[in-house]
Amino acid sequence: PVNPMHHNLHIDSITSFGIDGLRGVAGITVTQFAAGTTVSPAALCAAQLAHGRIATRYGAGVASLRRGPSGGGWEALGQGGQVIARAPVVIIACALQSLALVPGLRLEAVRGQVTLLPPHPARQLKVPVAGESHAIPLPDGRLLIGATFQPLDMEAALRDEDHLANLEHIETLLPGLCANVAARGLPGRVGFRTVTPDRLPVYGPVADAPGLYLATGLGARGIAWAPLGAELLASQICQEPWPLAQSLAAEVSAARFRK
C-alpha cells in the first residue's frame, strides 16, 4: 500500500515552485536529499499491520495491567476490571497515556497545530521543503504547513493565531509562497507530541516488571525512531544481539530517569 516517490530537488529549479529569488535570500541554505522520500503515516501503519501474524483489536481501552496467574505473563484489564487479553510479553506504546500504565515516567505533551492550504497555482510545490517549519504538498493539491511547538498547552481546538504563526514561519522559509493568505478559518489539525526531558525516546524494559516493555516519548520523530526502537525491543525480548551498543541503549532506557 505504500508507494513512496523519490524526488530530486535542484536549486536552479526552485522558481518552478512559484518561489522567486530563494537563492538570493540572505541566510538561507538549501540541502538536497536526492533520495528523500515522502510517506503517508496512515498508509505506512496500515501496511505494517497487514502482516499475517498481527491481529488488531480496536475500541478496547486498557485501564490497567496485572501479572497473570502464578505470576506468569500479563493481563490487560478494561475499565470494569475484565480481562481483555493475556500475553507473556506486553509493550506499552500509547504515547502520553503510557503514564496511566507506568506511573512515574518523565513524559509531557507538546501541542502542535498544522495548517491546510487549498490548491493554488502559486503553491504547487514539487517536493516537501523543511527547515524551522515545513511545507508538504499533498496528493489532492493542498499544501500542509506547520507546525507549532507549544509545551504545556492542551487546547485541542484549532486557533487562528496558530495558523497565522504557521504562515509567518513559511514566509521566512519560502518567501512569497503563502502571500496574501488569510489565517482566519483555515482548516488544519491539532496533535500532541509526547516528549521526554532530554528529547530522546523511551525504549526498553520496565524496571522490576519482567515481560513489560516501553516504546514511547518519540516526540516529532516517530517514523524515524520507530524502526530502530522496534529492533532494539525485539532483540531484548528474544535475547538476541542488540542493534545498539549497550551504552546507546542506556540513553533511551526508562532507567535513565532514575539516576
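- No single ILVMFWY cluster, assembled from side-chain heavy atoms under 4.5 Å apart, contains both Ile223 and Val110.
- Considering Gln150, His163, Arg189 in turn, His163 is the only one that fulfils the side-chain hydrogen bond (donor to acceptor under 3.5 Å, both in side chains) rule with Gln113.
- Under the 4.5 Å side-chain heavy-atom criterion for grouping Ile, Leu, Val, Met, Phe, Trp and Tyr, Val62 is not connected to Tyr58 through any hydrophobic cluster.
- At most 12 heavy atoms of other shown residues, nucleotides or ligands fall within 6.0 angstrom of atom CZ in Arg221.
- Enclosure of atom CD in Glu161 by more than 12 non-hydrogen atoms of other residues, nucleotides or ligands within 6.0 angstrom is indicated.
- Annotation: Glu132, atom CD; neighbour count of heavy atoms from other residues, nucleotides and ligands within 6.0 Å does not exceed 12.
- The cluster map of Ile, Leu, Val, Met, Phe, Trp and Tyr, joined by side-chain heavy atoms under 4.5 Å apart, puts Trp225 and Trp242 in the same cluster.
- The closest donor-acceptor contact from the side chain of Ser235 to the backbone of Pro241 lies under 3.5 Å.
- Counting heavy atoms from C-beta outward, Leu228 and Pro243 have side chains that approach closer than 4.5 Å.
- Panel note: side chain Arg199, backbone Val195; no donor-acceptor pair is recorded below 3.5 Å.
- Hydrophobic clustering (ILVMFWY, side-chain heavy atoms < 4.5 Å, transitive): Val102 and Val90 are in one cluster.
- Here the side chain of Arg86 pairs no donor or acceptor atom with the backbone of Ala76 at under 3.5 angstrom.
- Among Thr194, Leu105, Ile92, the one residue that satisfies the side chain to side chain contact (heavy atoms under 4.5 Å, CB included) test with Leu99 is Leu105.
- With Trp74 as the aromatic partner, Arg66 does not meet the cation-pi criteria of under 6.0 angstrom to the ring centre and within 45 degrees of the ring axis.
- Side chain of Arg193 to backbone of Arg111: a donor-acceptor contact under 3.5 angstrom is found.
- Contact annotation: the side chain of Glu251 never approaches that of Leu244 to less than 4.5 Å [non-hydrogen atoms, C-beta and beyond].
- The salt bridge (Lys or Arg N to Asp or Glu O under 4.0 Å) check on Arg142 picks up Asp140, with sequence neighbours excluded.
- The minimum heavy-atom distance linking Ala63 with Leu101 is given by the pair O-CD2, 3.8 Å.
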* To do: Could you walk me through whether Tyr213 and Ile237 pass the side-chain contact (heavy atoms from CB on, under 4.5 Å) test, one step at a time?
  => CA-CA 9 Å; Tyr213 294 80; Ile237 293 167; 3.6 Å; yes

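- Leu125 places a side-chain heavy atom less than 4.5 Å from the side chain of Leu177.
- No single ILVMFWY cluster, assembled from side-chain heavy atoms under 4.5 Å apart, contains both Leu186 and Leu144.
- Residues Leu107 and Thr196 are in side-chain contact: their nearest non-hydrogen atoms beyond the backbone lie under 4.5 Å apart.
- Legend: residues meeting side chain to side chain donor-acceptor pair (under 3.5 Å) with Ser253, ordered by chain and number and at least two apart, are absent.
- For Arg159, the CZ atom is densely surrounded, since the number of other residues' heavy atoms within 6.0 Å is greater than 12.
- Under the 4.5 Å side-chain criterion, counting only non-hydrogen atoms from C-beta, Ile170 is not in contact with Thr115.
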